[in-house]
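Okay, structure first, notes after.
Numbered from 1 within each chain, the chains take letters A, B, ... in sequence-line order. Keep in mind that what you see is a predicted model, and the values were worked out from it rather than measured.
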Protein chains: 2
Amino acid sequence: MANTTRSRRERPAKPALSRQWIIAETLEIIRTEGLEKATMRRVAHALDTGPASLYVYIANTAELHSAVLDELLGALPPESEGTWSERLEALLRSYADVLFAYPGLARSALLIRPTGPNAVRLYDRVLGLLLEGEVAVDRAAWGLDLLLQYVTGNAAEHSTPSPGDIDTPADDEAEMGILARALHAADPTTTPHIAEHADLVLSGEPTQRVTWAIQALIAGIAATPTPVATDIRP
Amino acid sequence: MANTTRSRRERPAKPALSRQWIIAETLEIIRTEGLEKATMRRVAHALDTGPASLYVYIANTAELHSAVLDELLGALPPESEGTWSERLEALLRSYADVLFAYPGLARSALLIRPTGPNAVRLYDRVLGLLLEGEVAVDRAAWGLDLLLQYVTGNAAEHSTPSPGDIDTPADDEAEMGILARALHAADPTTTPHIAEHADLVLSGEPTQRVTWAIQALIAGIAATPTPVATDIRP
DNA sequence: ACCTGAACACCGTTCAAGT
DNA sequence: ACCTGAACACCGTTCAAGT
């Protein structure tokens with residue numbers, strides 16, 4: 001009886017399943033517990049239903065994660081100030097920030113190739129900025145993929161496998177420790193360059209390195225001719 | 001390994017569990033059925049034992065996959081002919097080939113940061129070739145990570161999620177189809193650059209694009225100064 | 001000492017059956 | 001028409017108990 005004038009702090013008592021609602025709930029779980037907890041079963045449970053019900057709206061787990069990512073890409077900051085390359089760097093960094101903020105989603109992004117409307121808008125902005133910088137259109141077109149893949153791959157590599165979870169107390173740090181130990185233990189006979197330059201290989205803050213990498217990518221893209229004929233346009 | 005004089009085609013009847021044997025069996029499963037089938041349970045089953053037995057030799061699933069990858073890296077071709085950049089390209093392509101040959105392993109490589117002895121040897125070869133090309137040592141040191149991450153990420157992106165399995169009839173192709181459709185359907189008003197250059201963005205054979213990307217990366221690495229002081233050496 | 005059966009706590013996905 | 005209980009076929013990992 002007395003339908004729905006309930007405490008808003010409590011679960012809103014079965015607010016009718018829908019694609020939007022499922023995505024929102026999934027995002028909430030990813031935010032608080034990480035991607036690996038955002039399972040069909042767990043999302044269904046959070047929505048007070050069984051897993052089978054989700055399949056009315058979402059084809060499978062991959063599509064669920066894909067939809068969440070596109071949702072997030074819709075919230076990228078719209079435009080910054082500066083030269084084309086500064087704006088491009090800022091855009092890519094904001095994309096990287098999204099992926100870092102939701103550890104595990106980068107891994108999804110790497111495998112499912114985002115194709116939602118917001119992803120396409122991101123592609124368009126990157127391509128537009130490269131063209132504004134007078135990068136040859138064929139290099140810009142191929143460079144688009146290279147830039148986004150780098151950022152995505154980098155985020156995937158550095159995002160902790162299980163965020164708020166059991167293992168991985170300070171995961172990326174621990175990971176780096178393992179790598180650092182492996183490099184410092186390098187045998188000077190069989191691996192002389194690593195043995196000599198281990199510190200340099202490991203040097204730099206992550207943000208410094210991402211910034212440098214993006215600059216290097218842009219420079220390389222602008223300077224390297226593709227095998228694709230450029231005389232496509234009249 | 002472990003030369004038991006048996007019919008090599010039949011299962012060698014419980015050849016005593018060992019780390020090497022587990023890794024070899026896992027590799028075989030990955031080769032024939034894909035990474036996602038190389039579960040602790042399935043490997044244990046293939047070795048005629050229960051999953052608990054594997055934990056005597058291997059800490060967890062991640063370590064198992066990690067060990068398999070390092071095993072594969074030990075078989076990279078040793079040295080090619082040509083200029084330093086040609087040899088570097090060849091080396092990176094052979095690394096990419098390994099990852100492509102074992103779909104799914106690239107994804108692991110992206111997340112676990114290979115640190116085995118063979119991985120370190122690969123790092124050393126890449127770094128050595130960059131230095132041979134007279135790339136500044138700080139740029140070479142940072143570029144190492146950029147190059148390997150690109151190749152790994154690229155392989156991860158293009159490797160089919162489930163190789164010899166139920167879904168994904170021609171998976172990467174299907175994926176590309178989805179992307180192609182999304183780009184060709186781009187709205188000329190909101191995403192004008194993509195709408196105009198969709199074909200160019202999608203153009204080129206995968207190998208052409210990888211080759212171009214590696215060249216662009218090398219050029220960018222060589223040309224972009226890092227914030228790390230270069231006057232480390234006397 | 002070395003190994004493992006059995007259990008615990010989960011998964012994705014399907015489909016017959018309910019409302 | 002829309003939804004879902006229950007089942008199917010799996011997972012990783014642990015630990016008490018066996019040899």
Nearest-Å distance for atom pair [atom1]/[atom2], residues [X] and [N]:
X	N	atom1	atom2	answer
B/Tyr55	C/dT4	OH	P	15 Å
B/Leu54	C/dC2	CG	P	17 Å
B/Arg42	D/dA9	CZ	P	15 Å
A/Lys37	C/dG12	NZ	P	12 Å
B/Arg41	C/dA9	CZ	P	15 Å
A/His65	C/dG12	NE2	P	8 Å
A/Glu36	C/dA9	CD	C1'	17 Å

- Message: Partner lookup for D/dC10, please. Criteria are Watson-Crick or G-U wobble with both distances under 3.5 angstrom; report none if nothing qualifies.
- Response: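 In the structure as shown, D/dC10 has no Watson-Crick or wobble partner.
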- Which one is paired to D/dG5, where only Watson-Crick or G-U wobble pairs with both distances under 3.5 angstrom count?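 Its partner is C/dC15.
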Nucleotide of [options] approaching [X] most closely (side-chain heavy atoms):
X	options	value
A/Met40	C/dT13, D/dT4, D/dT13	C/dT13
B/Tyr57	C/dA7, C/dC3, C/dG12	C/dC3
B/Thr49	C/dT4, D/dT13, C/dT13	C/dT4
A/Ala52	C/dC11, D/dC3, D/dA6	D/dA6

- Query: Testing A/Glu36, A/Arg31, A/Lys37 for side-chain contact (heavy atoms from CB on, under 4.5 Å) with A/Glu33, which one passes?
  - Reply: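 Only one option passes, and that is A/Lys37.
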- Query: CD of A/Gln208 to OG of A/Ser203: how many Å apart, nearest 0.5 Å?
  - Reply: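 It comes to 8.0 Å.
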- Query: Cut-off 3.5 Å, side chains only: do A/Thr211 and A/Arg93 have a donor facing an acceptor?
  - Reply: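 There is such a pair (donor and acceptor under 3.5 Å, judged by atom type) between the side chains of A/Thr211 and A/Arg93.
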- Do B/Tyr123 and A/Thr191 have a side chain donor and acceptor closer than 3.5 Å?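 Their side chains do not contain a donor-acceptor pair, so the 3.5 Å distance test is not met.
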- Item | Sugar-phosphate, base or nothing in reach of B/Ser53, heavy atoms under 4.0 Å |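 Base contact.
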- Item | Non-hydrogen atoms of A/Leu130 and A/Ala140 that approach each other most closely |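 That would be CD1-O, 3.6 Å.
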- Task: Using the C1' atoms only, state how far D/dC8 lies from C/dC11, rounded to an integer number of Å.
- Result: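 Here C/dC11 and D/dC8 have their C1' atoms 12 Å from each other.
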- Message: Would you measure the distance from the C1' atom in D/dC10 across to the matching atom in C/dA9 and give it in whole Å?
- Response: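 About 14 Å, rounded to a whole number of Å.
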